[in-house]
Student: 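Let me give you the structure first, and then I'll get to my questions.
Sequence positions, counted from 1, serve as the residue numbers for this chain. A quick note: this is a predicted structure, and the numbers were derived from the prediction, not measured.
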Amino acid sequence: MLERPPGDVRSDWVEKYREQGYLNIPDLLSAATVRRLQAAFDELEQQGRLRVGEEELIDHTDIIFLHEAFASVLREPRVVDLLTALLGPRVELYDTKFINKPLKSTGFSSFSWHQDFAFYPHTNQDLLAFAIHLDDEDERSGPVRLLPGSHRLGPLPHCQDGQFLHHLPQVPPEAERDSVLLTGGAGFVTVHHCLMVHCSDPKERYGHRRVAYYDVRAQDNVQLAGYLRRSAGWEVTPRPPGESRYARFPDGSRIELRGASGRLCDPFGLLASGRGHAGPET
């Protein structure tokens with residue numbers, strides 16, 4: 001777990017993230033902020049707008065629109081400081097969601113090895129998952145397991161015979177031997193690179209395992225495929241009025257995206273209706 005050293009902590013965060021592809025920070029958020037997020041979850045659960053299943057995995061997308069607490073945490077100075085240190089001065093969301101594992105250990109509670117980038121490829125790889133863990137997590141909670149440094153392997157195939165598998169058909173052989181678990185006390189924050197090879201273990205005990213995920217990208221990183229979320233484009237750091245939007249590619253080249261608005265248009269509702277797909281989503 002990354003401890004907060006004195007002085008300029010951002011250089012330590014950046015160095016570890018670049019080298020290992022992940023961070024585990026126990027005290028990025030104050031105790032008051034964590035309590036506020038837990039209270040917001042409880043309030044929404046009482047209203048029936050968020051739910052944790054007994055034996056079913058339940059996720060909720062676009063959570064920044066469910067309660068102000070889930071949006072305002074992204075504007076806290078320490079959070080902004082971390083995200084801009086890793087992605088640059090202009091950052092925005094791609095997606096926000098809660099992944100709530102079932103209370104019982106007998107339900108669906110694990111994910112196979114995968115890279116997030118395969119689910120929503122972009123024009124570059126300045127994209128990460130910022131996660132706030134609302135509950136204590138140990139090795140029996142079904143925590144995230146990842147392979148440090150595996151983001152340097154580049155994009156790995158997730159398809160077989162023309163079908164998207166939602167997991168890696170071939171897992172790096174060192175995954176089981178060299179993997180680490182992301183555990184900590186309630187309120188700990190984790191970050192992992194979009195190319196990090198990771199999974200999550202099955203639960204082995206009864207109880208909550210609620211995680212708020214924020215998929216964050218550089219503002220010149222443009223989505224190429226996958227689901228479009230309402231959260232996409234929500235600015236963590238504001239872009240100056242009138243500044244053009246760009247798409248940046250791995251070689252550093254950039255193209256201007258039709259001026260200041262520069263977003264994908266869907267006047268015929270093809271994306272919303274699902275028309276225009278060659279086949280069903282898998």
Student: Would you say CZ of Arg152 has more than 12 non-hydrogen atoms from neighbouring residues, nucleotides or ligands within 6.0 angstrom?
Tutor: yes
Student: Apply the test side-chain hydrogen bond (donor to acceptor under 3.5 Å, both in side chains) to residues Arg248 and Thr123: give CA-CA distance (whole Å), side-chain angles for both, the deciding distance (0.1 Å), then the verdict.
Tutor: CA-CA 6 Å; Arg248 175 171 47 89; Thr123 58; over 6 Å; no
Student: Compare all side-chain heavy atoms of Tyr22 with those of Pro148 and state whether any distance is below 4.5 angstrom.
Tutor: yes
Student: Taking the side chain as C-beta and beyond, is there a heavy-atom pair between Glu19 and Glu15 under 4.5 Å?
Tutor: no
Student: Salt bridge between Lys97 and Asp95, side-chain N to carboxylate O under 4.0 Å?
Tutor: yes
Student: Begin from the C-alpha positions of Arg245 and Glu92 and carry the test salt bridge (charged side-chain N to carboxylate O under 4.0 Å, His left out) through to its verdict.
Tutor: CA-CA 12 Å; Arg245 294 185 64 87; Glu92 66 183 25; 3.3 Å; yes
Student: When rounded to the nearest 0.5 angstrom, what distance separates OG in Ser150 from CD in Glu174?
Tutor: 8.0 Å
Student: Considering only heavy atoms from C-beta outward, does the side chain of Gln125 approach that of Leu195 to under 4.5 Å?
Tutor: yes
Student: Strictly distance-based, threshold 3.5 Å: is any side-chain N or O of His151 a donor or acceptor partner for the main-chain N or O of Arg18?
Tutor: yes
Student: Under a 4.0 Å threshold between the charged nitrogen and the carboxylate oxygen, would Asp135 count as salt-bridged to Arg210?
Tutor: yes
Student: Would you say the side chain of Tyr120 lies within less than 4.5 Å of the side chain of Leu228, judging by non-hydrogen atoms?
Tutor: no
Student: Would you call the rings of Phe164 and Phe119 parallel, tilted or perpendicular if under 30° counts as parallel and over 60° as perpendicular?
Tutor: perpendicular
Student: Do Leu23 and Leu147 belong together in a cluster built from hydrophobic side chains that touch within less than 4.5 Å?
Tutor: no
Student: With a 4.5 Å heavy-atom cut-off, do Leu127 and Val216 have their side chains touching?
Tutor: no
Student: Indicate whether any N or O donor in one side chain lies under 3.5 Å from an N or O acceptor in the other, for Ser141 and Lys101.
Tutor: no
Student: Please check: side-chain N/O of His67 versus main-chain N/O of Phe65, any donor-acceptor pairing under 3.5 Å?
Tutor: no
Student: Do the ring centers of Phe98 and His60 come within less than 6.0 Å of each other?
Tutor: no
Student: For side chain to side chain contact (heavy atoms under 4.5 Å, CB included), just list the numbers for Thr96 and Thr61, CA-CA rounded to whole Å, side-chain angles, deciding distance to a tenth of an Å, and then say yes or no.
Tutor: CA-CA 6 Å; Thr96 58; Thr61 60; over 6 Å; no
Student: Which residues pass the side chain to side chain contact (heavy atoms under 4.5 Å, CB included) test with Ser179, not counting sequence neighbours?
Tutor: Trp113, Arg145
Student: Are any non-hydrogen side-chain atoms of Val191 and Trp13 less than 4.5 angstrom apart?
Tutor: no
Student: If I take atom OG1 from residue Thr33 and atom CZ from residue Arg78, how far apart are they, to the nearest 0.5 angstrom?
Tutor: 9.5 Å
Student: Please lay out, stage by stage, how Leu181 and Val144 fare under the test side chain to side chain contact (heavy atoms under 4.5 Å, CB included).
Tutor: CA-CA 6 Å; Leu181 294 174; Val144 171; over 6 Å; no
Student: Measure from the side-chain N and O atoms of Asn221 to the backbone N and O of Asn124, and report whether any donor-acceptor pair falls under 3.5 Å.
Tutor: yes
Student: How are the rings of Tyr213 and His192 set relative to one another: parallel (under 30°), tilted (30 to 60°) or perpendicular (over 60°)?
Tutor: perpendicular
Student: Are Val171 and Phe117 co-members of a hydrophobic cluster defined by side-chain heavy atoms under 4.5 Å apart?
Tutor: no
Student: Looking at Arg229 and Asp215, does any basic side-chain N land under 4.0 Å from a carboxylate oxygen?
Tutor: no
Student: Ignoring hydrogens and angles, tell me if any N or O in the side chain of Glu139 forms a donor-acceptor pair with the backbone of Pro143 under 3.5 Å.
Tutor: no
Student: Would Arg36 and Glu76 pass as an ion pair if we require N to O under 4.0 Å?
Tutor: yes
Student: Can you tell if the side chain of Ile25 reaches within under 4.5 Å of the side chain of Leu82, non-hydrogen atoms only?
Tutor: yes
Student: Where is the tightest heavy-atom contact between Ser231 and Asp62, given as atom of each residue plus distance?
Tutor: OG-OD1, 2.6 Å
Student: Identify whether Val197 and Leu182 are in the same connected component of the hydrophobic contact network (ILVMFWY, side-chain heavy atoms under 4.5 Å).
Tutor: no
Student: So, is the end of the Arg254 side chain (NZ or CZ) under 6.0 Å from the ring centre of Tyr246 and within 45° of the ring's axis?
Tutor: yes
Student: I'd like to know if the side chain of Thr237 and the backbone of Pro89 have a donor-acceptor N/O pair within less than 3.5 Å.
Tutor: yes
Student: Test side chain to side chain contact (heavy atoms under 4.5 Å, CB included) on Leu224 and His122 and set out the steps.
Tutor: CA-CA 5 Å; Leu224 297 173; His122 280 61; 5.5 Å; no
Student: Mind checking whether Phe41 and Leu134 have side chains closer than 4.5 Å, heavy atoms only?
Tutor: yes
Student: At their closest point, which heavy atom of Leu156 faces which heavy atom of Gln115, and how far apart are they?
Tutor: N-OE1, 2.8 Å
Student: Nearest 0.5 Å please: distance from the CG atom of Leu146 over to the NE2 atom of His193.
Tutor: 13.0 Å
Student: Between Arg209 and Asp136, is there a salt bridge with N-O shorter than 4.0 Å?
Tutor: no
Student: Are Leu29 and Val80 linked, directly or through other ILVMFWY residues, by side chains that come within less than 4.5 angstrom of each other?
Tutor: yes
Student: With a distance cut-off below 6.0 Å to the six-membered ring centre and an angular limit of 45° from the axis, does Arg75 pair with Trp234 as a cation-pi contact?
Tutor: yes
Student: If you group Ile, Leu, Val, Met, Phe, Trp and Tyr by side-chain heavy-atom gaps below 4.5 Å, do Leu257 and Phe249 land in one group?
Tutor: yes
Student: Go through the steps to decide whether Thr190 and Asn24 satisfy the test side-chain hydrogen bond (donor to acceptor under 3.5 Å, both in side chains), and finish with yes or no.
Tutor: CA-CA 5 Å; Thr190 61; Asn24 186 345; over 6 Å; no
Student: Between Gln219 and Val91, is there a donor-acceptor pair closer than 3.5 Å when you use the side chain of the first and the backbone of the second?
Tutor: yes
Student: Quick check against the 3.5 Å criterion: does Glu137 have a side-chain atom that pairs as donor or acceptor with the backbone of Gly142?
Tutor: no
Student: Less than 4.0 Å between a side-chain N and a carboxylate O, is that true for Arg140 and Asp201?
Tutor: no
Student: May I ask you to decide if Asp116's main-chain N or O and His198's side chain share a donor-acceptor pair within less than 3.5 Å?
Tutor: no
Student: Looking at Arg90 and Glu243, does any basic side-chain N land under 4.0 Å from a carboxylate oxygen?
Tutor: yes
Student: Under the 3.5 angstrom rule, does the side chain of Tyr214 hit a backbone N or O of Phe70 as a donor-acceptor pair?
Tutor: yes
Student: Give the C-alpha distance, both sets of side-chain angles, the deciding distance and a yes or no for side chain to side chain contact (heavy atoms under 4.5 Å, CB included) between Ile132 and Val211.
Tutor: CA-CA 6 Å; Ile132 302 173; Val211 184; over 6 Å; no
Student: For Gln47, I'd like to know if atom CD has over 12 heavy atoms of other residues, nucleotides or ligands within 6.0 Å.
Tutor: yes
Student: Check for a donor-acceptor pair, side chain of Ser72 on one end and backbone N or O of Glu68 on the other, with a separation under 3.5 Å.
Tutor: yes
Student: Compare every heavy atom of Leu66 with every heavy atom of Leu50, then report the nearest pair and how far apart it is.
Tutor: CD2-CD1, 3.8 Å
Student: Can you name the closest pair of heavy atoms from Val236 and Leu74 and give their distance?
Tutor: CG1-O, 3.6 Å
Student: In chain order, what residues pass the salt bridge (Lys or Arg N to Asp or Glu O under 4.0 Å) check against Glu204, with sequence neighbours excluded?
Tutor: none
Student: Taking all non-hydrogen atoms of both residues, which atom of Ala69 and which atom of Ala40 are closest, and how far apart?
Tutor: CB-CB, 3.9 Å
Student: At what distance, to the nearest 0.5 angstrom, does CG of Leu83 lie from CG of Leu128?
Tutor: 6.5 Å
